[in-house]
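For the numbers below, each heavy atom of this structure counts, side chains included, while hydrogens, waters and symmetry mates do not. Just follow the structure's listing: the first ligand is 1, and inside any ligand the first atom is 1.
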Amino acid sequence: MTIYSAIVVDTPGDPFAGDPGDALAEDGALLVRDGVIRGRGSLAALRDAHPGEPVTRLDGGLLVPGFVDTHVHFPQIRVIGGLGLPLLDWLEQCALPEESKLADQAYARAVAAEFLDGLIAAGTTSALVFGSHFAPAMDELFGAAERRGLNITSGLVLSDRILRRDLLNSPQTALTDSADLILRWHDRGRLRYAVTPRFSLSASDDMLDVCAELLGKGVWFTSHINENLAEIATVAGLFPGAHHYLDTYARHGLVTTRSVFAHNVHPGDAELALLAEGGASVAHCPTSNSALGSGLFPLRRHVEHGIGVALGSDVGAGAGLFLPKEALQAYFIQQLLGGAGFPLTPAHLLYLATRAGARALGLDHRVGDFTVGKDFDAVWLRPAAGSTLAVNLRHARDTTDALARTFTLATPADVAGVWIRGERAAVQSARD
Ligand SMILES: [Zn+2]
């Protein structure tokens, strides 16, 4: 057993469901055994109750739950920063040429390692990962995630039209390749499978039928929706019988409690009602939406409909893997929306980067906060002495204020330690 002494902060409550301050909890120590949190309280109380147990002191900064990224593309880790393009041009010029390279399994292996090490360095310990179009590349990702102990849900990306020819698969091969991957990887340790049509723009009704058949195996589902106005118009033209974009998925039974849709920047009210009815979640990707000029996410309308919203970095369109940056950009977007925006507090930002994602992925019984019984997945954010964040933390009035300053100023260089199910991950901090 180990006692971790730190300023421990998490959101066991839901700041969207009441007074945001009530969602936040703070303690001085955690007791961890076999990777699981067994006690929580003051350092003095835990030492009294467990005399002789070693104490690991994490002095300075904050200890928060490992971040949960609900939308991130592993094949795009090498193409971040393609600025100046709207979605469909960015895909054509930046993302898809790189994704084609993952046909080479050795290339995919290198990319998977860079991607997963990048997640850990950014403090992300759980993620719903948009996969590759190539099954061997998925074996590389899952194998590398297993070796690192990460909580990864991912799947083969399925498309049978409109994309580059080398990224297409037929509904038949999609079915057999996905079924094989599910057998190999779903529910193996911390790994799970997600059926992943790229978006209905590039997936025919036959392909979406295959997705429904695969979803019936008890796995997860993810795709894109309502990201960009040109994309939405194209989808409407491809599915003349559909009521709206979400209906292209819904009429195949793909809107469920195990479904996570990325973006939803331009939803209609009927789509929001249908998402809520199906119990599906939305991955909000603020820096990607900003970089591609996709639009300002209507968080208030999602909250009013009771839809679970979490954060996605959407790398490579997003501006890096560090979830606090996404939380800050989410805050900016809501500010820019003026009266239509949802005013986010520091408790909301921590929740969005941690527990909201765990809930969206159905993992909140295991991760997302530091409740006793959950896995010890944690990030220690401790700024370098003399940095502007260190100065600001010294002048913070209380923990909520310290959180606000952390979300405003922290970068991956402030990740001083990451624990994955109780094991300290090898993170090369930028200043070590
Ligand atoms: Zn995406």
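Side-chain rings of Y4 and W419 approach one another, their centers coming within less than 6.0 Å. Aromatic ring centroids of F297 and H302 lie under 6.0 Å apart. Aromatic ring centres of Y331 and F407: separated by at least 6.0 Å.
Using a cut-off of 4.0 Å between Lys/Arg side-chain N and Asp/Glu carboxylate O, K101 and E98 are scored as salt-bridged.
At least one N, O or S atom of H73, from either the backbone or the side chain, sits less than 2.8 Å from the Zn ion (ligand 1). When distances to the Zn ion (ligand 1) are checked against a cut-off of 2.8 Å, D314 contributes an N, O or S atom below that limit.
The name of the N, O or S atom in H71 nearest to the Zn ion (ligand 1) is NE2.
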